[in-house]
Chemist: 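Handing you a structure now.
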Amino acid sequence: MITLLIIEDERSLMESMVSYLEPSGYRCVTAGTFHEALRQIDRFDYYCVVVDLNLPDGDGLKIIKLLKENQAKCGIIVISARDTLNDRILGLQTGADDYLVKPFDLSELNARIQSVIRRTRYTGFNHILFRELIIDPEGKTAQLNGELLDLTRKEFDILMYLITNKNRVITKDAIAEHIWGDSIYGTDYTEMVYTHMKNLRKKLQQKTGTDWIQTVYGSGYRITEE
Amino acid sequence: MKLQSQSSIYLSSFSLIVFVLIGIVFYSLLRKLSNDELDAILQEERLEVLSNPELLLVGNQAGAPLFSRLMATEITKYPGNQEYYYDSVGLIKSTGEPNAIRCLRFYEIVQDQPIEFILFKSKLPAQQFVRQIILSIALIAGLFLLGIYLLNKFAFRRIWKDFYSTIQSLDNYNPKQKALQLKASRINEFRTLNEEIEKMTRRISETYDNLNNFTSHTTHEIQTPLAVIRLKSELLMQTSNLDNEQLELIESIGDNSRHLSQLNRSLALLFKIDHQHYSANGIFHPATGILRQLDNLNDLIELKEIKLTTVLPPDISVGIDPSLGDILVHNLVKNAIVHNQQGGILDIELNQGSLRFTNNGAEPLHPTDHYFVEFIKGPDSKGLGLGLSLIRKICEVSGLTVKYTYDKGIHQFLVTWPEKNGKLG
């Protein structure tokens, strides 16, 4: 089973992350302080560690250094309220594989975790299977019954995001932020999301005959396995 | 007007008035004294005349008066023992020029004949004396004024030196630095002033530090509860059996928490820029940042059918912090796209020393220069109204100038920087 270590001093945030990630098939080990994190580090072979930099009794960067020395194959994602370029660079230089600024969407955290695990654990062939789809995250291609789907880059990214968070409701805000990042804020992105989503669904429907993606009234979309 | 000039003017004007008054008093006094003296001489001569009336008459009859400064006229009626002193004008015998004289008129009965006598004496020597005195006073006054001027010029500098040094220190004072330490002055008033200023700047610096800490702490701490709201609302959305109304409510909570955290992040950024958390130098290539943002917002450009033209030489750079430069051009590009109209134009032109954004858009609701001073949010805008504040703030701390103009449906943002600030590279 894929085991994750979540180091976060804010209990409420930690619980929310665990609630979202465990149903996705992960085992979540948690630590609320720097010292607790030190104790937990050696207990398992973690696929990914999610670490908050601001801990009440220590610096999250030190944990990253320790992890890099002891568990080379472990992916590391920093979650922090510090959002300057320098903070990000420092986090990544210390050894983190990704940097997520608080507040974030759980679906985004999940997508990042899967991406980091793919990069650090699997080499070579690394395909994702979803219903009849075979997805190559590196090549950014999707095949359906041996036939390549003609998706634009953004359509592929949205599909990948939905599949990563399958059976979950993903808001259009979360999709917009995932695709365009922070800079989308302040623009009227609803129509943009809608346009891409409409095209993606049309292309999928043409090949499968059914619409895999459900619209959840007023809030977002959900891709289902059945 | 400088303090020194002002005090010179006051001193000179006052001295001049005093000297004029002294002159007038002195002149009147001297004139009175000289008249009194002339009157005394005339009185003496009168007694001499009266003690020898025969000589007078003999002299008179011979047609050659013994007293050259005497006129005697026979009158019909004796008016009594009266005498009058008065000023008059006579002619100098040798030159024939008019000359001020002092006269004494009196009456006497000589051998039963009433006679009017007029004794007179030239005032010339006395006048010359008065003139010399007045001249001397004028000279002294002139020297005195010169003295005051020089004293003011040199003594002033010495006396007010501490004051000017205090002003200089205040001019350079920045609340980010510690309280001012001013030089001790020998002059009590300035010493008190400096002490008060030191106290005041200490309070200002403390307040500034407190505010700084408070803002920094608040903007940071507020992210955690916002993150909790966002995560919980996302989890709530995953629960089954939600009806449409509940979904809409949850979406609204998530949307608003997102909005709030973005607002908080922008305010924190403004605060950081304001408090120089960014380096003042660096090299930023605007073309790269602009192209990245254009690529990122390409969907929006296509959706709005914006006609885009760009002149972006990749080798032009600006000497500013690269991350600030990125934020600056991202906001400029976003602004020009978001506020553009359907089918509008967007021209971006980068030159050595300037960057110009020209785009269509609705007429601004306020005068264009207001947009940089206040947080103004458009009525249908999804933004925070902070974009322009960020643009202004970044330009301000980086030594760039930004100008926003609107004319007949065309909005223009022009950012300029000194040539030395931009390098080829």
Chemist: Considering only heavy atoms, which portion of A/S107 lies under 4.5 Å from any heavy atom of chain B: side chain, backbone, both, or neither?
Modeler: both
Chemist: Show your reasoning for whether side chain to side chain contact (heavy atoms under 4.5 Å, CB included) applies to B/N335 and B/F413.
Modeler: CA-CA 10 Å; B/N335 184 65; B/F413 279 86; 3.2 Å; yes
Chemist: With a 4.5 Å cut-off on heavy-atom pairs, point out which of B/V333, B/V228, B/N244, B/L247 contacts chain A the most.
Modeler: B/N244
Chemist: Of all the heavy-atom pairs spanning A/F156 and A/A142, show the shortest one and how long it is.
Modeler: CE1-N, 4.2 Å
Chemist: Name the option with the most non-hydrogen atom pairs under 4.5 Å to chain B; the candidates are A/D105, A/I184, A/I170.
Modeler: A/D105
Chemist: Answer yes or no: does atom CD of A/E191 have more than 12 heavy-atom neighbours from other residues, nucleotides or ligands under 6.0 Å?
Modeler: no
Chemist: So if I apply the side-chain hydrogen bond (donor to acceptor under 3.5 Å, both in side chains) rule between A/E155 and each of A/H196, A/K203, A/K202, which one comes out positive?
Modeler: A/K203
Chemist: Out of B/D326, B/N296, B/D255, B/N331, which one racks up the most heavy-atom pairs below 4.5 Å with chain A?
Modeler: B/N296
Chemist: When you look at A/N167 and A/E225, which way does the side chain to side chain contact (heavy atoms under 4.5 Å, CB included) test go after all the steps?
Modeler: CA-CA 7 Å; A/N167 303 322; A/E225 273 184 304; 3.8 Å; yes
Chemist: Can you tell which part of B/D295 gets under 4.5 Å to a heavy atom of chain A, answering side chain, backbone, both or neither?
Modeler: backbone
Chemist: Anything under 30° is parallel, anything over 60° is perpendicular, the rest tilted; go ahead and classify A/Y161 against A/H178.
Modeler: parallel
Chemist: Using a 4.5 angstrom heavy-atom cutoff, name the option from B/L300, B/I250, B/L269 with the most pairs to chain A.
Modeler: B/L300
Chemist: Establish, yes or no, whether the cationic atom of B/R230 lies under 6.0 Å from the six-membered ring centre of A/F104 and within 45° of the ring axis.
Modeler: no
Chemist: Please classify the contact between B/L303 and chain A as side chain, backbone, both or neither, with a heavy-atom cut-off of under 4.5 Å.
Modeler: side chain
Chemist: Out of B/R265, B/Q223, B/M237, B/K232, which one racks up the most heavy-atom pairs below 4.5 Å with chain A?
Modeler: B/R265
Chemist: Using a 4.5 angstrom heavy-atom cutoff, name the option from B/K334, B/R258, B/E221, B/E248 with the most pairs to chain A.
Modeler: B/R258
